[in-house]
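Below is one structure, written out as structure tokens; the observations come after it.
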Amino acid sequence: MDKKTEQKKVFLDIVQQLRQLIKIEKIQAGEKLPSERVLSERLGVGRSSVREALRSLELLGLIETRHGGGTFLASTQKHWLVEILSMFILEDSKKGCRINATNS
């Protein structure tokens, strides 16, 4: 696997792990997520990878970052279409990884 594909996989894995963390810890809209440092320690990945995953979730409107205040889960009611699309994107990416692995 080349380096770009590996980085993409790490990024997608972190996004999936963050989604699981939100479900497991029952974080509600408006509640604060753990800090980048805490997330990187808990997930066993670098802070830059966590930052990239958080940035993508913010661009999708699923989280909100407040300068000096932390990262908060956004209201999913406002972004239900984005949530559905993100699930399809993540699912398609997982299928692509499996296809690439079987073709190797």
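Source: prediction; values computed, not measured.
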Flag side-chain contact, heavy atom, 4.5 Å: F72 against E31: no
I need the minimum non-hydrogen distance between L73 and I27, along with the two atoms involved. CD2-O, 3.2 Å
Find the distance between OG (S35) and CD (E41) and round it off to the nearest 0.5 Å. 7.5 Å
When every non-hydrogen atom of S56 is compared with those of A53, the smallest separation belongs to OG-O, 2.7 Å
Rounded distance [0.5 Å steps], CD in E52 versus CG in L57: 11.0 Å
Sub-4.5 Å side-chain heavy-atom contact between L33 and I22: yes
Quick check: do R47 and R37 have side-chain heavy atoms less than 4.5 Å from each other? yes
Assess whether salt bridge (charged side-chain N to carboxylate O under 4.0 Å, His left out) is satisfied between R42 and E36, documenting all intermediate values. CA-CA 10 Å; R42 288 177 66 179; E36 287 178 6; over 6 Å; no
Mind checking whether L21 and L43 have side chains closer than 4.5 Å, heavy atoms only? no
Can you tell me how far CZ of R51 sits from OG1 of T65, rounded to the nearest 0.5 angstrom? 11.0 Å
Measure from the side-chain N and O atoms of K32 to the backbone N and O of G69, and report whether any donor-acceptor pair falls under 3.5 Å. yes
What are the two closest heavy atoms between V10 and S49, and how far apart are they? CG1-OG, 4.1 Å
So, for G61 and A74, which heavy atoms are closest and what is the spacing to 0.1 Å? O-CB, 3.3 Å
Measure the shortest side-chain to side-chain distance between L54 and L39 over non-hydrogen atoms and say whether it is less than 4.5 angstrom. yes
